Amino acid sequence: MLATRRNLMAAVAVLPIAACPTPATAAANGVSVKLAELIDAARETMARSDKHYYEVEIPAHERAEAAIARIPHVTVPVNRPDETYWTTADPHAARLARSILAGHPNRGRGKREPLRRFVAADLRRQRQVERARREVGLTAATAASNEYSDRNAAAEWDVARFPVTSSADFHAKIAFMVERDMFDGLNHSEQMLADAARLAGVEA
C-alpha cells in the first residue's frame, strides 16, 4: 500500500527530533558525511537569506515607504468640481477608470476626458513610486531576496532527494525536513517511500 502523508508524519512523530548533524559530527552520529554536508549547506543558505532580509530588505522597505509617502496623490473631478472619489490614493478608482475607458465606447462619453486625465495622473504616480523604490534600493533588495528563495528551495530539495541508506540518515533527513516545515502543503511521500524501501531492502 502506498504511503500517505499522514502515515509518514505519524511515523516521524515517534522519532526523537534532535538537532540535525553538521559534517563535523556526522561520523559520530552515524550520519553520512554527504547528507550532513547538504544539510549544512542548506542552513548556510538560509542564514545568508535571513541576514539579507533583516539587514538589507527591511531597511529598504522602510526607506521606500517614507519616500513614497512624500509623493503627492492627485484627485481629478469627473462628475462635479467638489468630487473626491477619483483619486490616485484609491486603487479601486484607478481600476474602475481603466475599465470604463477600455469598455463600451459610448459609456460615459462626456466623462472620458477627465477619466483619461485621471488615469494619466495615476500612471505618472506609479512611475514615481517605482523610481523611488529603485533609488532607495528596494527593487534590487527584492530581486536578491527572490534569488535567495530559489537557492533555499534548491538546497532543501537536495536534502529531500538524498537517497538515505541508514536509519541515522533517515532520521537526520526527516528531522531537517520537519524543522523547515517541508511537509506543510507538499507531498514528499515518493521520496519517503523510496527511502523506507531502500532501508527495508524491498522494491518501492
Side-chain angles (χ1 to χ4, degrees), residues 4-6 9 41-161 177-191:
T4 65
R5 180 177 180 273
R6 179 176 297 177
M9 292 306 293
R43 284 202 170 124
E44 288 182 3
T45 301
M46 177 59 78
R48 289 192 293 270
S49 177
D50 287 346
K51 180 179 176 65
H52 170 79
Y53 177 71
Y54 289 109
E55 296 183 7
V56 178
E57 186 172 5
I58 286 182
H61 268 290
E62 294 172 349
R63 293 193 301 271
E65 288 178 358
I68 292 170
R70 292 192 292 270
I71 302 174
H73 282 285
V74 176
T75 299
V76 178
V78 174
N79 296 294
R80 58 183 187 275
D82 61 342
E83 186 178 38
T84 61
Y85 175 76
W86 302 101
T87 172
T88 56
D90 186 352
H92 299 290
R95 284 195 292 270
L96 179 58
R98 285 177 170 83
S99 175
I100 293 174
L101 292 174
H104 305 288
N106 296 323
R107 182 181 178 187
R109 176 170 295 187
K111 304 173 184 177
R112 295 180 76 82
E113 186 55 36
L115 285 175
R116 288 192 186 96
R117 292 199 305 271
F118 171 64
V119 169
D122 182 67
L123 182 58
R124 283 193 299 271
R125 190 176 188 280
Q126 287 182 27
R127 290 171 177 167
Q128 290 175 313
V129 167
E130 290 304 317
R131 187 182 307 115
R133 288 172 174 161
R134 289 195 302 271
E135 290 175 350
V136 302
L138 179 58
T139 302
T142 301
S145 289
N146 291 337
E147 292 180 6
Y148 275 120
S149 294
D150 291 342
R151 294 174 194 167
N152 286 333
E156 289 177 347
W157 276 98
D158 285 343
V159 174
R161 286 191 295 260
M177 294 175 71
V178 170
E179 172 191 312
R180 299 291 282 266
D181 293 325
M182 292 181 65
F183 292 100
D184 185 13
L186 296 174
N187 186 354
H188 295 281
S189 58
E190 290 186 6
Q191 291 100 328

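Everything numeric here is computed off the predicted structure, so don't read it as measured data.
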Least distance between heavy atoms, [X] atom then [Y] atom:
X	Y	result
R112	I100	NH1-O, 3.6 Å
A93	T87	CB-O, 4.1 Å
L115	A97	CD2-CB, 3.9 Å
A132	I68	CB-CG1, 4.5 Å
A89	H73	N-ND1, 3.1 Å

Measure the spacing between [atom1] of [X] and [atom2] of [Y] and express it to the nearest 0.5 Å.
X	Y	atom1	atom2	value
L138	I58	CG	CD1	11.5 Å
R95	D90	CZ	CG	8.0 Å
S49	E44	OG	CD	13.5 Å
E130	R125	CD	CZ	11.0 Å
T142	R134	OG1	CZ	12.5 Å
R151	R48	CZ	CZ	7.5 Å

Side-chain donor or acceptor of [X] paired with backbone N/O of [Y] under 3.5 Å:
X	Y	value
E83	V78	yes
S145	A141	yes
R63	G137	no

Can you find a heavy atom in the side chain of M177 that is under 4.5 Å from one in the side chain of Q191? no

Taking the side chain as every heavy atom from C-beta outward, state whether T88 and F118 have any pair of such atoms under 4.5 Å apart.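 Yes, their side chains come closer than 4.5 Å.
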
As a quick check of understanding, evaluate side-chain hydrogen bond (donor to acceptor under 3.5 Å, both in side chains) for N152 and E156, giving each step before the final call. CA-CA 6 Å; N152 286 333; E156 289 177 347; over 6 Å; no

Where does the angle between the aromatic ring planes of Y148 and H52 fall among parallel (under 30°), tilted (30 to 60°) and perpendicular (over 60°)? tilted

Would you call the rings of W157 and H188 parallel, tilted or perpendicular, where under 30° means parallel and over 60° means perpendicular?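 Plane angle between 30° and 60°, so tilted.
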
I would like to know whether D122 and R98 meet side-chain contact (heavy atoms from CB on, under 4.5 Å); could you show each step before the answer? CA-CA 10 Å; D122 182 67; R98 285 177 170 83; 3.0 Å; yes

